[in-house]
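Below is one structure, written out as structure tokens; the observations come after it.
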Amino acid sequence: MPSWIPKIEDRKGPRYIAIADAIDDAIKEGVLKPNDRLPTHRDLAYDLGVTVGTVSRAYAEAVRRGQVVGEVGRGTYVRPDDATGHPFHIPYDINPDTYDFSLNFPAEGERVEYLRQSLMVVAQDPGLGALMRYQSEQGMEHHRRSFAKWAAHHNAPDDADRIVVSNGVQHAMTLSLMALVRAGDTLLCEEYTYPGIRTLASQLGLKVTGLAMDEHGIIPERLEDAIVQTGARVLYCMPNYQNPTSTIMPFERRKQIAEIAKRYGIWIIEDDIYGFLHDNPAAHTPFARMLPEQTFYLNGASKCVSPGIRVGFVLAPSAKVQSVAACMRLSNWMAAPLNVEVTCRWIENGKIFEMMEWHRAEALQRQEILFENFKGRDIQSMPRCYHSWLKLPYPWTSDMFSLRARERNVSILPSSVFYTGKGTPLNAVRICYGAPPNLENVAEGMKRLGDLIEEEIHAFQSVM
């Protein structure tokens, strides 16, 4: 379609609201159709005689209303008819000139070569045929022993009988919740949390209550208040390198949370997917160690090895192992044995722990580039973490900053994507730096973000 220009002369109120209203009307009238591309911020600002900041605020408002979506490296589009309305998705047609800091992918390293070598070895194994058959829903015994060793590396109990092998940690989350909840139940989680748990809770018919956090993670008093007020019996949390804030919960806070959980009989789903980033993963005592009969400990290969492997596990309380195994049988019957076999060989020969060490060093290098470009800014980031939480200076808002970053072909996610509270999200964004292919790409993308903060603050002043 020809470039669309809204008519806003006769509309009352702030110009950015007038533009957002015009977008809404054009969509309802069929002038703008699903997948139509809107003018760039600068082009529309020029055509309307307003600032670029005014257009950015208008597009941010249109995103908030669910009218449009911003696609990294491509622009802003009218939401397609089949869109889910959730900004947390993986675009498969990213412009090669974009700098993707939006999704928490691990750096690649030598994982392809490791996989090639391992597949050649597995192919020569006389027992290969066993991997082609149906397996126990809990997983093959030698696989469970290997994952118990992995759990012990993170200071969780070494108990193969309590392991259920899964197709990744996302699947482990699903199995744990299926074993614990019914539609209508309330799930407690951190106020800012991994968006996948919100989507999963919605599919299971759960109500989600976000718990207020401080620099140490969940505030214990807020947990106790929520238990009393909602009757919730399940808490999902990420004590190590929390996503998105990168917080590591100190021992005393964990102890307080565990005591409350024990007092009220609360089940804890402990997601330790980022725990390997600590130079000594066993240094932090997991809830699975403090409260083994009430904790579902989750871990897997997506971040420390490769997301394509799709291997994880649940270390379940003894009383719930069979319930989790039954949910595995119902949902997927078993984890893919070939993927699991390759991963377990890496555990047994120590390769997986070498990969973890490599990631820690790589993350530290990328993190240093972040700090160089955001000197003096309010950055929350634990050492060796692949993601950081940037609190924005006034007058930026997280949605507007994310949209303006896309204009510069840099993708990040605003705080609203992670927020489960009832108030207004912080003016913060999550910046991930594992996905870019090399340090040079990280450096250029970070420079663009750093320059954006410095150069564009004045653009937010609305023109009435």
Side-chain angles (χ1 to χ4, degrees), residues 131 133-148 150-151 154 156-157 159-189 193-209 231-238 261 265-273 286-288 291-303 307 309-341 343-344:
L131 303 180
R133 306 183 190 117
Y134 280 108
Q135 311 295 338
S136 162
E137 58 268 32
Q138 198 173 335
M140 300 174 78
E141 184 178 355
H142 74 283
H143 290 164
R144 289 188 283 109
R145 287 198 302 268
S146 293
F147 285 119
W150 184 343
H154 291 72
D159 190 344
D161 291 337
R162 291 168 49 200
I163 294 283
V164 178
V165 184
S166 64
N167 291 302
V169 173
Q170 184 86 17
H171 187 215
M173 291 162 52
T174 303
L175 297 177
S176 300
L177 283 176
M178 288 175 64
L180 291 175
V181 301
R182 296 179 179 178
D185 287 353
T186 295
L187 174 66
L188 304 178
C189 62
T193 190
Y194 168 54
I197 194 68
R198 296 165 57 190
T199 304
L200 177 56
S202 176
Q203 292 296 317
L204 294 175
L206 307 179
K207 295 173 284 189
V208 175
T209 294
R233 288 293 177 267
V234 182
L235 166 67
Y236 167 83
C237 63
M238 194 177 288
I266 293 295
W267 300 102
I268 298 176
I269 299 176
E270 180 177 21
D271 187 342
D272 200 23
I273 189 68
F287 289 119
L291 208 61
E293 290 310 313
Q294 289 176 229
T295 301
F296 292 69
Y297 176 85
L298 317 182
N299 214 323
S302 295
K303 307 303 180 185
I309 293 293
R310 305 316 304 151
V311 172
F313 64 91
V314 181
L315 175 65
S318 300
K320 289 292 183 178
V321 172
Q322 292 309 310
S323 295
V324 175
C327 292
M328 163 58 85
R329 185 168 61 248
L330 172 66
S331 66
N332 215 58
W333 192 273
M334 63 184 182
L338 178 59
N339 292 358
V340 178
E341 178 67 21
T343 304
C344 289

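Fair warning: this is a prediction, and the values are worked out from it, not measured in the lab.
- In this structure, the separation between CG on L204 and CG on L200 is 4.5 Å, given to the nearest 0.5 Å.
- Residues L235 and I269 fail the side-chain proximity criterion, which asks for heavy atoms closer than 4.5 Å.
- Contacts of R133 classified as side-chain contact (heavy atoms from CB on, under 4.5 Å), with partners at least two apart in sequence or in another chain: A130, Q135.
- S146 pairs by the side chain to side chain donor-acceptor pair (under 3.5 Å) definition with E348, not counting sequence neighbours.
- Under the rule for a salt bridge (charged side-chain N to carboxylate O under 4.0 Å, His left out), E293 has no partner lying at least two apart in sequence or in another chain.
- Under the rule for a salt bridge (charged side-chain N to carboxylate O under 4.0 Å, His left out), the partners of R145 that lie at least two apart in sequence or sit in another chain are E141.
- The two residues F313 and I163 have their closest heavy-atom pair at CD1-CD1, 3.6 Å.
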Residue pair F287, C237: steps toward the side-chain contact (heavy atoms from CB on, under 4.5 Å) verdict: CA-CA 10 Å; F287 289 119; C237 63; 3.8 Å; yes
Could you tabulate the donor-acceptor pairs under 3.5 Å formed by side-chain atoms of residues 331-339, not counting sequence neighbours?
{"residue": "S331", "atom": "OG", "partner": "H171", "partner atom": "NE2", "Å": "3.2"}
{"residue": "S331", "atom": "OG", "partner": "C327", "partner atom": "O", "Å": "2.9"}
{"residue": "S331", "atom": "OG", "partner": "M328", "partner atom": "O", "Å": "3.4"}
{"residue": "N332", "atom": "ND2", "partner": "M334", "partner atom": "O", "Å": "3.3"}
{"residue": "N339", "atom": "ND2", "partner": "I309", "partner atom": "O", "Å": "2.9"}

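- Taking V208 as the reference, C189, A201, T420 meet the side-chain contact (heavy atoms from CB on, under 4.5 Å) condition, with sequence neighbours excluded.
- Checking side-chain atoms of Q294 against main-chain N and O of P317 turns up no donor-acceptor pair under 3.5 Å.
- Residues passing the side chain to side chain donor-acceptor pair (under 3.5 Å) test with D272, sequence neighbours excluded: N240, Y297.
- Summarising the geometry of L131 relative to M140, their closest heavy-atom pair is CD2-SD, 4.2 Å, with the distance given to 0.1 Å.
- In this structure, E270 contributes its side chain and P286 its backbone to no donor-acceptor pair below 3.5 Å.
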Would you list the atom pairs, donor with acceptor, under 3.5 Å between side chains in residues 173-181 and any protein atom, with sequence neighbours excluded?
{"residue": "T174", "atom": "OG1", "partner": "Q170", "partner atom": "O", "Å": "3.2"}
{"residue": "S176", "atom": "OG", "partner": "A172", "partner atom": "O", "Å": "2.9"}

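- In terms of heavy atoms, N299 sits closest to I273 at OD1-CA, 4.0 Å.
- Under the 3.5 Å distance criterion, with hydrogens and angles disregarded, a donor-acceptor pair is assigned to the side chains of S302 and R310.
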Would you check, one step at a time, whether the test side-chain contact (heavy atoms from CB on, under 4.5 Å) holds for L187 with Y236? CA-CA 7 Å; L187 174 66; Y236 167 83; 4.3 Å; yes
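- Legend: residues meeting ring pair (Phe, Tyr, Trp, His ring centres under 6.0 Å) with F296, ordered by chain and number and at least two apart, are W267.
- Nearest heavy atom pair, residue P157 against residue A151, reads O-CB, 3.9 Å.
- Checked by atom type, the side-chain pair Y194/D271 shows no donor-acceptor distance below 3.5 Å.
- When only modelled atom types and interatomic distance are considered, E341 and H142 share a side-chain donor-acceptor pair under 3.5 Å.
- With sequence neighbours left out, the side chain to side chain donor-acceptor pair (under 3.5 Å) criterion links T209 to no other residue.
- Minimum interatomic distance between V321 and V164 (heavy atoms only, all atoms of both residues): O-CG2, 4.1 Å.
- R144 contributes a side-chain N or O that, together with a main-chain N or O of G139, makes up a donor-acceptor pair within less than 3.5 Å.
- Taking E137 as the reference, R329 meet the side chain to side chain donor-acceptor pair (under 3.5 Å) condition, with sequence neighbours excluded.
- Under the 4.5 Å side-chain criterion, counting only non-hydrogen atoms from C-beta, F147 is in contact with V340.
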